[in-house]
Q: 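There's a structure below that I have some questions on.
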Amino acid sequence: TTSFNLSSFLNTKTLGNINVNGKIKGKGFTAKDVLLNFDGTINQVQLLNYSYQNLIVKGTLDKKLFKGNFSINDPNLIVEDAVGIIDFNENNSKLNLDGFIRKADLKKLNITNDEFIVKGKLNLNFKGKNIDTFLGGAAIDDALIIHNGQKLSLNNFTISSTVQDGLKALSFSSNDVEGSIKGEFTIEQLPDAFTLLLNKYYPSYFKKPLRKLDNQNFSFDIKTKEVDEYVQIIDRRLKGFNNTTFVGNLKIPGNELNFTADIPEFSYDGKIFVNTHLQSVGTGDTLATIITVDDISLNDSLHLPQSKLILLSAKDMTTLNLTTSASKTLSDAQLNASIETLSDGVKIHFFPSSFILNDKKWNLEDDGELTISKSTIDANQIKFSQGNQSIIIGTKENDV
């Protein structure tokens, strides 16, 4: 066959055109009565928005149910010694598969937006037309993941999806992390759900999603073990987060967000944070966050022990209160300010604050402002005073 339309023949949108060179024995010419034994090569077949090439297949197609074994030598997917069952029924799609993935380029297969190349032993046993109707489980072992050129190992990774009392539960675990999401949620809409709520607090940074979202009312719980190398997928300057817990819930409509994190240690660009506790509560118009850190190491000689940061955010305005006790040189610092979120930066308005430097108390006076954006840095009347000494920081336009 050349460009045979399986979609029309089997009355399914899951499959498209197919090019085949092989032996077929069977009967029937409609999806209701077809029974085929096939042994040969599928040179090309369209499945879920991708045209797969070079499939060697031996098995039986009974109506819309395929049973057999196969291998794939596609430029973006190489599978060896796979055996399984595939049900192409629109309302009851199923996949049961065991095999070894030599290579799977998930970005080029139109599965992920970022570059992810995966290899390992795979076991799939689930039903559903897409990721949001997925029920069942998947497991991958002795796996290697390459993300944007960075290699990561992954062992004993499993993911399962169930429904109980009308509520969905998605759980995952590996040697390095475990977690779950429970409640009403749509996986494909999860990023937009968080963006919709964050838009109420920081509209300049988070644009309101254009589409209408389904109800999102779920709780989540994540616990890590040794995840340092995975964290650097987000940002190479970011490290740590071993033995960390994240717990929270989100509710839309209802405009409710609760988030708690306990992080033994992490670092960003060489700055080390030890024993960080974060608690954040969001309502329809305000996000309140309290962060405490046992010690912040800015460099070998400057530490900020027992630091506490309180943030109150609404409609691009955040009030900030920071207290810390530092080293012998700098101690008992307190900073009070308001931060206005701009589309390309921030504007900081300082309220009366103070810190002790070399046993002398310095005051940061009211009404100083600092604007930092992509194009400019502007300071206006930032005044530090100690006794009859004062330091005033300001900027002026270049005369040229």
Side-chain angles (χ1 to χ4, degrees), residues 95-98 101 104 106 111-112 114 116-128 130-148 150-191 193-194 216-235 238-251 257-268 273-280:
L95 177 62
N96 190 323
L97 177 67
D98 285 290
I101 299 177
L106 303 187
I111 297 175
T112 63
D114 283 350
F116 280 96
I117 299 174
V118 179
K119 67 181 250 183
K121 297 177 182 178
L122 183 68
N123 173 267
L124 303 176
N125 186 6
F126 64 85
K127 61 181 180 179
N130 54 50
I131 193 170
D132 281 309
T133 59
F134 158 80
L135 290 174
I140 186 168
D141 197 15
D142 295 331
L144 177 67
I145 300 174
I146 301 175
H147 175 261
N148 295 332
Q150 182 179 359
K151 293 183 179 181
L152 303 169
S153 60
L154 185 66
N155 293 315
N156 301 321
F157 178 80
T158 62
I159 183 170
S160 66
S161 179
T162 60
V163 173
Q164 187 174 4
D165 298 328
L167 298 178
K168 186 186 302 184
L170 181 68
S171 60
F172 58 90
S173 68
S174 73
N175 287 351
D176 301 306
V177 65
E178 61 182 33
S180 65
I181 305 175
K182 299 178 181 179
E184 296 178 84
F185 61 91
T186 306
I187 296 175
E188 190 264 337
Q189 294 184 1
L190 280 181
F194 283 99
Q216 307 284 324
N217 184 6
F218 60 88
S219 61
F220 57 90
D221 183 350
I222 301 172
K223 298 178 181 179
T224 73
K225 297 175 185 177
E226 300 296 322
V227 295
D228 181 68
E229 61 179 359
Y230 304 104
V231 169
Q232 294 179 55
I233 291 177
I234 303 171
D235 191 322
L238 193 63
K239 297 181 179 180
F241 291 91
N242 297 331
N243 304 310
T244 293
T245 60
F246 302 100
V247 180
N249 71 281
L250 181 144
K251 185 176 182 180
L257 172 66
N258 293 281
F259 180 69
T260 300
D262 284 292
I263 311 168
E265 183 174 313
F266 75 96
S267 66
Y268 182 77
F273 299 77
V274 177
N275 290 334
T276 300
H277 175 78
L278 180 151
Q279 186 166 7
S280 193

Q: Would you check, one step at a time, whether the test side-chain contact (heavy atoms from CB on, under 4.5 Å) holds for Val177 with Phe157?
A: CA-CA 9 Å; Val177 65; Phe157 178 80; 5.6 Å; no
Q: What's the spacing between Thr245 OG1 and Ile222 CD1 if we round to 0.5 Å?
A: 10.0 Å
Q: Where does the angle between the aromatic ring planes of Phe246 and Phe259 fall among parallel (under 30°), tilted (30 to 60°) and perpendicular (over 60°)?
A: parallel
Q: Report yes or no: does Asn242 contribute a side-chain atom to a donor-acceptor pair with the main-chain N or O of Val227 at less than 3.5 Å?
A: yes
Q: Would you say the side-chain atoms of Thr224 pair up with the backbone N or O of Thr244, donor to acceptor, closer than 3.5 Å?
A: yes
Q: Under the side-chain contact (heavy atoms from CB on, under 4.5 Å) rule, what do Ile101 and Val118 come out as? Steps first, then yes or no, please.
A: CA-CA 8 Å; Ile101 299 177; Val118 179; 5.6 Å; no
Q: In Å, rounded to the nearest 0.5 Å, how long is the span from CG of Asn243 to CG of Asp262?
A: 12.0 Å
Q: Under the 3.5 angstrom rule, does the side chain of Asp141 hit a backbone N or O of Asn156 as a donor-acceptor pair?
A: yes
Q: Check Leu170 against Ser161 and note the closest heavy-atom contact, atom names and distance.
A: CD1-CB, 3.9 Å
Q: Evaluate the side-chain contact (heavy atoms from CB on, under 4.5 Å) criterion for residues Phe185 and Ile187: first the C-alpha distance (whole Å), next the side-chain angles of each, then the deciding distance (0.1 Å), finally the verdict.
A: CA-CA 6 Å; Phe185 61 91; Ile187 296 175; 3.8 Å; yes
Q: To the nearest 0.5 Å, how far apart are CZ in Phe241 and CD in Glu265?
A: 10.5 Å
Q: Quick check: closest heavy atoms across Gln216 and Ala193, and the distance to 0.1 Å?
A: CG-CB, 3.9 Å
Q: Mind telling me whether Phe266 and Phe273 have parallel, tilted or perpendicular rings, with 30° and 60° as the class edges?
A: parallel
Q: Could you go through the side-chain contact (heavy atoms from CB on, under 4.5 Å) check for Lys121 and Ile140 one step at a time?
A: CA-CA 5 Å; Lys121 297 177 182 178; Ile140 186 168; 5.9 Å; no
Q: Side chains of Asn249 and Asn258: donor-acceptor distance under 3.5 Å anywhere?
A: yes
